[in-house]
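Worksheet: one structure, shown below.
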Amino acid sequence: MTEENKHPSEEQTAGVESAAASTPSPQKSSCPKRRGLIIGVVCAVVVVAGAGFWVWHEQPSFCNAICHAPQDPINETYDGVTGQAGYDKWGNPVADMGDLLVVQHKEAGLTCLSCHEPTLGQQITEGMHWVAGSYEYPLNERSLSDLNHYLQKDDPAAFCLNESCHNMERADLVAATSNLGERNPHKTMPRHEEMECSDCHKSHRQSVNACTRCHDDAYVPDGWLNAQEAAALDASHFRY
């Protein structure tokens, strides 16, 4: 065998190195693909979980599971159905749960956060109150002035009268109930203070015509209570 045959030429060596360099490594080429697939799956799971969490976040079950366990009776009123009997937030029987505003709002497609719109800072503060046990008992009555701190509006009525809910002003309410004459609760009467919506309209129990506290002849709509009936409810935290 000649010396040339024993030792490959420079051209042969270069050809072998070039072929080796052009041959892709199976492991190196599949790793980026696999990594990209994993990242894509993780992102999809995060998006789906986030969307599901956001939907749950607006339901009473979220409020109850995370923070508001003491308000179970309030959450249960949300599950009421028009035409079916049930109980108000204090456990008093209600012949038709459709009389409760919470049920009416739910059946109109609204959720807890449609009315209660806390900011992130307020939610964190409430969470701290929950951990510390320094929260106010949730079955206490709340006026619109109490509830309005979520919206932080100058007018407490903005909790109900706003572009997203009841897009009207108090004057529109006065006109809508003008048939009630002297007992029109939306009109500020002489020697009367202006009433808040929450004086009559209740969400998690039957609404009350507050005028009947003084005027026995005041009109009481179907499904509402007069002041005496409301005062007879079994509610240790009841107050006007």
*So which heavy atom on T212 is nearest to which on A218, and how close?*
CG2-CB, 3.8 Å
*asked:* Within this structure, what is the NE2-CE distance for the pair H186 and M195, rounded to the nearest 0.5 Å?
replied: 8.5 Å
*asked:* Are there over 12 heavy-atom neighbours, none belonging to D216, within less than 6.0 Å of that residue's CG?
replied: no
_For a quick test of reading the model, state the closest non-hydrogen atom pair linking R142 to S198 and the distance between them._
O-CB, 4.1 Å
*Residues in side-chain hydrogen bond (donor to acceptor under 3.5 Å, both in side chains) contact with N184, at least two apart in sequence or another chain*: T177
*Would you name the heavy atoms of G80 and E107 that are closest together and state the gap between them?*
O-OE2, 4.4 Å
*Search all heavy atoms of A210 against all heavy atoms of C200 and return the closest pair with its distance.*
N-SG, 3.4 Å
*Who else is in the cluster with L110 when I, L, V, M, F, W and Y are joined by side-chain contacts under 4.5 Å?*
none
*Does some side-chain heavy atom of C160 sit less than 4.5 Å from a side-chain heavy atom of C165?*
no
_Can you give me the closest heavy-atom contact between A230 and V208, atom names plus distance?_
CB-CG2, 3.6 Å
*Does anything in residues 81-93 pair up under salt bridge (Lys or Arg N to Asp or Glu O under 4.0 Å), and if so which pairs, sequence neighbours excluded?*
K89-E141
*Reported SG-to-NE2 distance for the pair C211 and H192, which is rounded to 0.5 angstrom*: 7.0 Å
*Apply side-chain hydrogen bond (donor to acceptor under 3.5 Å, both in side chains) to H215 and list each qualifying residue two or more places apart in sequence or on a separate chain.*
R183
*Quick one: list whatever passes side-chain hydrogen bond (donor to acceptor under 3.5 Å, both in side chains) with S178, sequence neighbours left out.*
none
*Can you see which heavy atom on D96 is nearest to which on G83, and at what distance?*
OD1-N, 2.7 Å
*Set of residues satisfying side chain to side chain contact (heavy atoms under 4.5 Å, CB included) with respect to D172, sequence neighbours excluded*: M168, E169
*Applying side chain to side chain contact (heavy atoms under 4.5 Å, CB included), name anything that partners Y87, two or more places apart in sequence or on another chain.*
P93
_Residues forming a side chain to side chain contact (heavy atoms under 4.5 Å, CB included) with S134, sequence neighbours excluded_ = H129, A132
*Could you grab the distance from atom NE2 of H166 to atom SG of C197, nearest 0.5 Å is fine?*
8.5 Å
_Point-to-point distance, once rounded to the nearest 0.5 Å, from CG of D79 to OG1 of T77_ = 8.0 Å
_Other members of the hydrophobic cluster containing V220, with the 4.5 Å side-chain heavy-atom rule, please._
W224
*For K106, check side chain to side chain contact (heavy atoms under 4.5 Å, CB included) against everything at least two apart and list the hits.*
Y78
*Evaluate side-chain contact (heavy atoms from CB on, under 4.5 Å) for L161 paired with L173, printing each intermediate quantity in order.*
CA-CA 10 Å; L161 305 182; L173 292 175; 4.0 Å; yes
*So, do N209 and N226 sit near enough that their side-chain heavy atoms are less than 4.5 Å apart?*
no
*Would L233 and L225 satisfy side-chain contact (heavy atoms from CB on, under 4.5 Å), going step by step from the backbone distance to the final call?*
CA-CA 10 Å; L233 294 178; L225 304 175; 4.1 Å; yes
*Look up atom CD in E196 and atom NE2 in H201, then write down how far apart they are to the nearest 0.5 Å.*
12.0 Å
*Taking the side chain as every heavy atom from C-beta outward, state whether N92 and R205 have any atom pair closer than 4.5 Å.*
no
Just list the side-chain donor-acceptor pairs under 3.5 Å for residues 97-105, sequence neighbours left out, or say none.
{"from": "Q104", "atom 1": "NE2", "to": "G98", "atom 2": "O", "distance (Å)": "2.8"}
{"from": "H105", "atom 1": "ND1", "to": "L101", "atom 2": "O", "distance (Å)": "2.6"}

